[in-house]
Each structure stands twice: as C-alpha cells, then as structure tokens.
Amino acid sequence: MKFNFTLTVLFIIIFTSIQYSQNKIPDFFTIQFNSKSTVIINSNYDNKVHSIWGQFISILPNNRINTDTLSSNTFNNASLTYKINMPSNISLFVDTGLKINLFLVPNDTLFITLDFAGTNKFMQSIKFKGRFASINEYLLKKDLEIGNELNKRRRRLNNPNILLTAYADSLDSIDKVELNYLNNYIKTNILPEWYLSYEKNRMTYYSALLKISLPYYREYATGKEVRIPRHYFDFINNIKIDNKDAVILLDYYVFLNNYFYEKCVSEEIKHMSYNRSRAKKSIAIDLKCADSFLTGEVEDIYKCYDISRSLIDHLKLFQYADSVINEQSTKINNQKYFNFLRYYSKNKSMLHPGDKAPNFYLPDQNNHYINLTDYKGKVILLNFWFPGCLPCLKEIPYERKLAEEFKNKDFCLINICMETQKESWIKSLSRLNVEGINLFAMGNWENNLINSYFINGFPHYALIDKNGNIYSNNPNRPSEGISEYIIKLLSK
C-alpha cells in the first residue's frame, strides 16, 4: 500500500485545527455590549393558538429580562430575539406550562422545531439546528432524564428547619448526580471542551452561592440570628476566587458578592440596621476586596456588576454612584467597562426631581379605575410592590404608621401591586392589612410603569408633590424616615 504523505499531513492539520477550535477559550467568552442572539422557531399546525416567550438574567445589568411574546397556531421561521451580552443559559416558556432551557451565544442563531400535534411527548420531540445545537441537545436530555429528580430534591431543601450542615451535604449529593450525568453523557456524545469547563464551573459556583448565602437569607427572612457551625464555610477553601474561566457566569459574580461580604465586612457593619449608609459602607469595602482578590476582566466585570446592581438599580444613588465610578476610572482595566458604567448611570437617572410624574389608569380591588391625576393637590407616595417580596412585607408596618400619621392631611399612599395574579393580590390585602389605596397593574400597564418609573427592584417608592411632579424617584423608605420629606412637601 502506497503511503500518501500529503494527505496524511493534510489530515493531521485538519484534525488538529478541529481539536484546537473545540478546546480553546472562544473569542465570544467575554462581555459584548449591544449584542443579541436569535431563536428561529418552527412548528406544525394543531388548530390551537400557542404563546412562546423568553426570559433570562444578565450580569450587566443584574435584572430579569423578558423577550417579546410570540402567539400563533403555527410558527414558520418565527423570530425571538434575546438582547444578551454574553453566552447565557436562558429559558424559553411555552403556554403549555413547559420551560425549555437553552444556551445562546451573542450574534448567533439557534433553530428550534416544535411538535405541538404529532405526539404527547412534546419535550422529546424538540429538534435543534445551529452552531451550538449539541449543547442545547445536552441540556434538553438532562432535563428529560434527571431534571425532575434534581428539582424535587432542591425543593425539599427549602425547609427552614434543615440544619445548615445537612443542607450543604444535600447540595453536594445533588451536584454529584449532575456531574455524573455530564461525565456519562460525554462518553457517547461530543461537547466542546470549553463548554465542559463552563458547565462544571456553573455547577460549582451555583452550589457555593447557595451554601454561602443561606445563613444570611434565613436571618433576613426570620429576623433571628442564625447559628453558623464552626467549619461551615470551610468549603470556600476549595473554591477558586479569581477564575478567568468563569468570566461570563452570573452565579460566579453573585458568589463573589456573598464571599466578599463574609470575608471582608466587619461584624459591626453586618449587625447594623439596613439603610443606605450601611449599604454605602458595604459597597466601598466590597470594591476594595475586588482590588485585592481579582484581576483583569473578572475584576472589571465584578465592579460593573456591583455598582450597577447595588448603587444604581437597587439604591438609586445616582450622584453617589457617579462619584464611585469616577474613583474607579483609574482602577478599571478595560475602558469599555468604565464607559458602560457612565452610560448606565446616566440612562437610569432620567426621571429627575421636578419632572411630571408618569400617569396611570389602574383598577382597585373593586374594579374601579383610578388615575394618578385624581389626587392632584395631595402629596402622594407611590409604593410599587408584590406580596411575595420580603423587603416589601417588612415595610408594611411602617406604611401603616405613615397612613395614621398623615390621615387628616393632604397625603395619599397608593400601593400598586405587580408580578402577581389578581386573585392572590386581593386575598393578600386583608391578610396583610395593607393601608392606603390599592391598585393592580398587569400586562402593558405593568411594563409601562416599570419603564417610566425605572423600577429595577421591589419595593420601589416615588414621592410626588401637590402639583403632580416628582420630588424623588426612590426616596427613603417608610422605615428610613420618609415622613420628614412628606412634612416638608405638605408645608408648601
């Protein structure tokens, strides 16, 4: 048999190139601002109208983002666009009550075929095409084969009576099931090496995040101090803190945020009552920790995550955020992240004092519709909330005191409920003894109010003067002494 040296060399070059492209860290493993990913959906005709929409959580900014909703009895190259700035695990929801977990990459297209009529096994019939189809096939098969088991076991851990050590051990056993599935899957299926690293890091940091945050979550939920076993946090010794391979993982940055709180924030600050002064101190310490523990792009993204999430989205301290951003300008390695923070802070602070308060037309519990303008001549405190929001519930006693303090004054407390089924909202009003005028927002009104009042977290308050103008969009909460500002406006 004659040896063909040229073909052999060509084969080696091609094979090596394929292996290299599979194993190296891809160029898209970074934050790409203003990018998007497209899902093209095709389905068969089954005489029923179906709705499909998407949802995901982004590192920058840190909030839940919904795509538009598609509705049809058949989808023919229907397009759903995700404005993602990094490779992301996202969710696709179908009105049949099913959720499809996907992996998308910026500036890429994934094709999905759905069979609504041909089989009762809807999930098993899903087909993928595209550059990253193999990854989405893995996620689908994992959900089908072990998804229910993992979900049941995680739900059982919601029991607040489970000891912290038992909780951590149970998480470890769940992680082992998921990791074993991945290792067995790649024995007969091919996944890129970079994705294997991504998936293992995702498991590691998600589990670490749950463990490290649980004691503080329980304290916050119950108002009681949680006794932490002596060696409970020892698992952190095995976690890589500065990890460039996890640069696009949201769970990684949330873990870092909790880790810095545990590692760097003093017990004195931890036991202070939560207010904006304490928040400023914690964030200043947090950024110093980032300087000490992180490097390169990981450090840049973490600072963007922390400043945009805490100072801008949650606390709405725009002027203070600007001063922090300017202070960080020489410490941020890549200018694009500094520019992002400057733009984001400016964009989020667009509802200024003196601006006309955005109007609404919403129903109360008796289905009577109310305008904001109906209360012109009164000082108004708008409270955007929902019954499942723990910080919202903590404010209710203070809101009652506020309503009592100003009951004979030109003052009105208007509570606008969001992200809740209407029946649940009505039941909660008497159960929680909510004072004030209670209104309900859903659909387009909910989206309009979120956008017009720049709502990125709950509760969100807006204080409005007698002329219907914004005095402060995100003032001090009732528990933080907002009454002094109401008194000031009433005297004018």
Side-chain angles (χ1 to χ4, degrees), residues 23-33 57-62 85-89 105-106 168 171-172 175 179 192-216 231-266 269-270 281-311 324-325 327-341:
N23 296 339
K24 74 168 186 173
I25 299 297
D27 293 337
F28 53 73
F29 245 60
T30 184
I31 299 292
Q32 302 182 57
F33 294 110
I57 301 176
S58 174
I59 296 174
L60 303 177
N62 179 37
N85 52 33
M86 61 183 178
S88 302
N89 287 87
V105 170
L171 276 181
D172 289 339
D175 295 341
L179 183 59
E193 286 293 329
W194 59 262
Y195 180 76
L196 295 179
S197 174
Y198 168 92
E199 181 69 351
K200 290 174 182 178
N201 276 319
R202 185 196 60 76
M203 295 178 196
T204 297
Y205 289 107
Y206 179 63
S207 181
L209 162 63
L210 294 178
K211 291 176 188 175
I212 199 172
S213 62
L214 181 66
Y216 305 110
H231 298 289
Y232 178 76
F233 289 119
D234 285 357
F235 71 91
I236 296 174
N237 298 330
N238 299 317
I239 304 292
K240 190 172 182 180
I241 303 303
D242 188 16
N243 188 355
K244 67 178 183 180
D245 292 335
V247 70
I248 61 166
L249 276 172
L250 173 63
D251 293 332
Y252 171 52
Y253 295 101
V254 184
F255 162 76
L256 288 177
N257 190 249
N258 284 270
Y259 172 72
F260 291 156
Y261 181 81
E262 168 60 26
K263 183 81 174 176
C264 306
V265 177
S266 68
I269 294 177
K270 288 178 183 177
K281 291 178 181 178
S282 295
I283 292 165
I285 293 170
D286 203 44
L287 294 173
K288 286 182 180 179
C289 280
D291 288 333
S292 300
F293 288 92
L294 306 178
T295 59
E297 189 173 23
V298 167
E299 180 182 2
D300 289 349
I301 295 175
Y302 179 78
K303 288 180 175 179
C304 283
Y305 161 80
D306 196 26
I307 293 170
S308 63
R309 178 188 64 92
S310 300
L311 292 179
V324 172
I325 292 167
E327 178 187 316
Q328 292 294 323
S329 63
T330 58
K331 300 178 182 179
I332 292 177
N333 303 285
N334 191 318
Q335 192 68 22
K336 74 175 183 179
Y337 294 107
F338 174 71
N339 292 338
F340 161 77
L341 282 172

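Given the structure is predicted, the values throughout are model-derived calculations rather than measurements. Scope of the values below: all heavy atoms of this structure, side chains included, with no hydrogens, waters or symmetry mates.
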Can you list the steps and then say if N334 with E297 is a side chain to side chain contact (heavy atoms under 4.5 Å, CB included)?
-> CA-CA 7 Å; N334 191 318; E297 189 173 23; 5.9 Å; no
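- Taking CG of L214 as the start and OH of Y216 as the end, the distance is 11.0 Å to the nearest 0.5 Å.
- Within the model, atoms CH2 of W194 and CD of E199 stand 11.0 Å from one another, a figure rounded to the nearest 0.5 Å.
- The shortest non-hydrogen separation linking I283 to S310 is CD1-CB, 3.4 Å.
- Taking the side chain as every heavy atom from C-beta outward, D286 and Y261 never approach each other to under 4.5 Å.
- Using a 4.5 Å heavy-atom cutoff, the side chains of L311 and I325 are not in contact.
- A donor-acceptor pair is defined here as one N or O able to donate and one able to accept, closer than 3.5 Å; no such pair exists between the side chain of N85 and the backbone of I31.
- To the nearest 0.5 Å, atoms CG (L179) and OG1 (T204) are separated by 8.0 Å.
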Start with the C-alpha distance between F28 and I248, add both sets of side-chain angles, then the distance that settles side chain to side chain contact (heavy atoms under 4.5 Å, CB included), and finish with yes or no.
-> CA-CA 10 Å; F28 53 73; I248 61 166; over 6 Å; no
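- Put simply, the side chain of N201 does not reach to within 4.5 Å of the side chain of Y206, judged on heavy atoms.
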Take D245 and K200 through the test salt bridge (charged side-chain N to carboxylate O under 4.0 Å, His left out) and record every step on the way to the result.
-> CA-CA 10 Å; D245 292 335; K200 290 174 182 178; over 6 Å; no
Show the numbers, then the answer: is there a side chain to side chain donor-acceptor pair (under 3.5 Å) between S213 and N258?
-> CA-CA 6 Å; S213 62; N258 284 270; 4.7 Å; no
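- Ring pair F293/Y302: centre-to-centre distance not below 6.0 Å.
- The shortest side-chain heavy-atom distance between I57 and L250 falls under the 4.5 Å cut-off.
- Residues N257 and Y305 are in side-chain contact: their nearest non-hydrogen atoms beyond the backbone lie under 4.5 Å apart.
- Closest approach of P87 to T30, counting heavy atoms only: CD-O, 4.2 Å.
- Rounding to the nearest 0.5 Å gives a distance of 8.0 Å between CG of D251 and CG of L210.
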Test log, rule salt bridge (charged side-chain N to carboxylate O under 4.0 Å, His left out), inputs D300 and K303 | CA-CA 5 Å; D300 289 349; K303 288 180 175 179; over 6 Å; no
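- Distance check, rounded to the nearest 0.5 Å: CG of L249 to OH of Y198 gives 5.0 Å.
- The backbone N or O of E193 lies less than 3.5 Å from no partner atom in the side chain of S197, so there is not a single donor-acceptor pair.
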Run the numbers on F255 and I241 for side chain to side chain contact (heavy atoms under 4.5 Å, CB included), then give the verdict.
-> CA-CA 9 Å; F255 162 76; I241 303 303; 4.0 Å; yes
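- The number of heavy-atom neighbours closer than 6.0 Å to NZ of K244, taken from other residues, nucleotides and ligands shown, is 12 or below.
- With rounding to the nearest 0.5 angstrom, the CD1 atom of I212 is 11.5 Å from the OG atom of S207.
- Residues passing the ring-ring contact (aromatic ring centres under 6.0 Å, His included) test with F33 are Y337, F340, sequence neighbours excluded.
- Ring orientation note: the planes of F235 and Y232 are nearly perpendicular, at an angle over 60° on the 30°/60° scale.
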Working for side chain to side chain contact (heavy atoms under 4.5 Å, CB included), residues K211 and D172 | CA-CA 10 Å; K211 291 176 188 175; D172 289 339; 2.5 Å; yes
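- Between Y205 and A246 the shortest heavy-atom distance is CE1-CB, 3.9 Å.
- With a 4.5 Å cut-off on side-chain heavy atoms, L287 and D291 do not count as touching.
- No side-chain heavy atom of I239 sits less than 4.5 Å from a side-chain heavy atom of Y259.
- Between M86 and I301, the closest side-chain pair of non-hydrogen atoms is not below 4.5 Å.
- Between the side chain of Y252 and the backbone N or O of N243 there is at least one donor-acceptor pair closer than 3.5 Å.
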